[in-house]
Amino acid sequence: MRAVRRVGFGVAALAAVGFGAAASPAGASAAPHRVGLLKLAAPHTAFNMTQSNNWSGYDQGALEKSTLFTSITGTWTVPTATQNKAGEAESSATWVGIGGGCLETSCAVTDETLIQAGTEQDVDASGKASYYAWYELIPVPSTQVSLPVSPGNEITVSISQTLPAVWAVSIKNVSTGQSWSTTTPYPSTMGSAEWVEETPLEIGTNLGLSSMPKLSTVNFSGATVNGAPANLDSSEAMQLVNGSGQVLATPSNPSPSKTAF
């Protein structure tokens with residue numbers, strides 16, 4: 001499962017996200033399917049609304065916005081991943097989703113459902129990078145989809161409820177013109193919406209967040225919810241921090257349009 005996340009017009013640090021953020025080492029990634037290894041995205045595991053141990057980006061809550069979330073979109077450029085620590089396998093996930101986050105800024109209540117889709121940027125122990133697109137319905141592990149992606153490709157993800165408990169998920173590689181989509185049943189409680197850079201949960205011989213590779217800056221744009229501009233607010237931004245409280249990634253302030261970071 002993927003943990004606290006969100007990204008917009010820029011996140012700076014380990015995994016740089018947003019308006020001119022610089023990439024650095026962080027700690028976890030989305031779901032590459034390695035032999036003997038399972039990766040999942042996880043609902044928000046936060047210290048508070050503004051900090052998370054696995055997400056960096058923007059999180060909007062149903063109590064904060066006085067509405068449930070039935071659709072979300074976001075666009076980003078697939079970042080380049082390079083090895084942060086020699087001999088270490090490292091992973092990162094860039095995504096948008098509904099559920100899994102804080103329902104309001106104090107983060108007293110979170111949504112434990114999560115439907116999400118995005119791209120994975122991983123580096124194996126030898127330093128070789130790999131990239132792919134995926135979607136996930138918590139608590140089921142993420143599924144890699146048949147849509148080639150490469151660093152520098154512009155990706156747009158759209159998730160929307162088409163019928164009660166039925167969702168349409170689409171991932172478009174704007175750079176190549178190729179796309180993938182599916183319609184699936186899922187009992188979301190629609191309590192939050194987010195744009196995130198994440199260090200995924202890794203299940204194999206060990207259980208824990210994966211290490212994050214160095215990433216080029218990740219910028220989110222075209223953020224909408226419920227068919228309208230997302231109106232992102234700086235109070236909704238989340239930093240990625242490690243267990244010692246060290247800040248690994250910080251999203252930038254929203255763009256003037258409040259649909260990017």
Side-chain angles (χ1 to χ4, degrees), residues 1-2 4-9 17 30 41 43-44 55 57-76 93-105 109-119 133-140 142-143 145 147 154-174 178-198 218-233 235-238 251 254-255 257-261:
M1 307 165 82
R2 301 181 189 280
V4 183
R5 68 303 179 223
R6 239 43 158 100
V7 174
F9 218 10
V17 174
H44 189 318
W55 289 3
Y58 277 71
D59 178 315
Q60 294 188 336
L63 296 180
E64 170 206 356
K65 296 296 188 181
S66 299
T67 185
L68 295 177
F69 299 99
T70 58
S71 70
I72 187 171
T73 64
T75 296
W76 64 89
T94 310
W95 55 272
V96 301
I98 291 179
C102 300
L103 272 61
E104 35 68 48
T105 53
V109 183
T110 59
D111 185 343
E112 294 305 310
T113 66
L114 176 55
I115 179 170
Q116 56 186 156
T119 59
W134 56 270
Y135 80 107
E136 183 169 0
L137 311 174
I138 295 297
V140 179
S142 63
T143 299
V145 305
L147 176 68
E154 182 180 347
I155 303 298
T156 295
V157 168
S158 174
I159 300 172
S160 61
Q161 182 178 237
T162 57
L163 292 169
V166 177
W167 296 82
V169 180
S170 70
I171 308 173
K172 182 175 182 179
N173 188 328
V174 179
Q178 296 176 292
S179 61
W180 170 91
S181 63
T182 190
T183 299
T184 182
Y186 186 68
S188 172
T189 49
M190 302 176 287
S192 66
E194 49 273 333
W195 301 258
V196 173
E197 185 66 42
E198 180 186 6
V218 179
N219 296 90
F220 280 81
S221 62
T224 71
V225 288
N226 297 345
N231 195 28
L232 300 171
D233 188 273
S235 66
E236 300 161 352
M238 292 184 296
S255 66
S257 67
K258 298 186 178 182
T259 60
F261 64 92

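Because only heavy atoms are used, hydrogens play no part in the values below, and waters and symmetry mates are left out as well, while side chains stay in.
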For the OG1 atom of Thr113 and the CE atom of Met190, what is their distance to the nearest 0.5 Å?
8.5 Å

Distance-only polar pair, side chains of Asp59 and Ser192, donor-acceptor under 3.5 Å:
no

From Trp76 CH2 over to Asn219 CG, what is the distance, rounded to the nearest 0.5 angstrom?
12.5 Å

When you measure from the side chain of Ser71 to the backbone of Gly227, do you find a donor-acceptor pair of N or O atoms at a distance under 3.5 Å?
yes

Distance check, rounded to the nearest 0.5 Å: Ile155 atom CD1 versus Thr94 atom OG1?
10.0 Å

Closest heavy-atom pair, Lys258 versus Asn231, reported as atoms and distance to 0.1 Å, is CD-OD1, 3.0 Å

Trp167 side chain to Ile115 backbone, donor-acceptor under 3.5 Å:
no

Which heavy-atom pair separates Leu232 from Ala223 by the least distance, and what is that distance?
CD1-CB, 4.4 Å

For Ser170, is there any backbone N or O sitting under 3.5 Å from a side-chain donor or acceptor partner on Tyr135?
no

Tell me, yes or no, whether the heavy-atom count around Lys65 atom NZ, taken from other residues, nucleotides or ligands under 6.0 Å, exceeds 12.
yes

Over all heavy atoms of both residues, which pair between Trp134 and Ser142 is shortest? Give the atoms and the distance, please.
CE3-CB, 4.0 Å

Main-chain N/O of Gly61 paired with Asp111 side-chain donor or acceptor, under 3.5 Å:
no

Give me the one residue out of Glu197, Glu198, Glu136 that meets side-chain hydrogen bond (donor to acceptor under 3.5 Å, both in side chains) with Trp95.
Glu198

For a quick test of reading the model, state the closest non-hydrogen atom pair linking Phe220 to Val96 and the distance between them.
CE2-CG1, 4.1 Å

For Ile159 versus Ile98, what's the shortest heavy-atom pair and its separation?
O-CD1, 4.4 Å

Under a 3.5 Å cutoff, is there a donor and acceptor pairing between the side chains of Thr156 and Glu154?
no

Gap between atom CD of Gln60 and atom OG1 of Thr105 - 0.5 Å precision
12.0 Å

Please report the closest heavy-atom contact between Ala260 and Ser257, naming both atoms and the distance.
N-OG, 4.5 Å

Hydrogens and angles aside, do Thr184 and Thr182 bring a side-chain donor and acceptor to less than 3.5 Å of each other?
no

Residue pair Ile171 / Val145, side-chain heavy-atom distance below 4.5 Å:
yes

So, Thr224 and Thr73: side-chain donor and acceptor under 3.5 Å apart, yes or no?
yes

Just verifying a value: how many Å separate Leu137 CG and Thr143 OG1, rounded to the nearest 0.5 Å?
7.5 Å

Atom pair CD1 (Ile72) and OG (Ser160), whose distance is rounded to the nearest 0.5 Å:
11.0 Å

Would you confirm whether Tyr186, through its side chain, and Ile138, through its main-chain N or O, come within 3.5 Å as a donor-acceptor pair?
yes

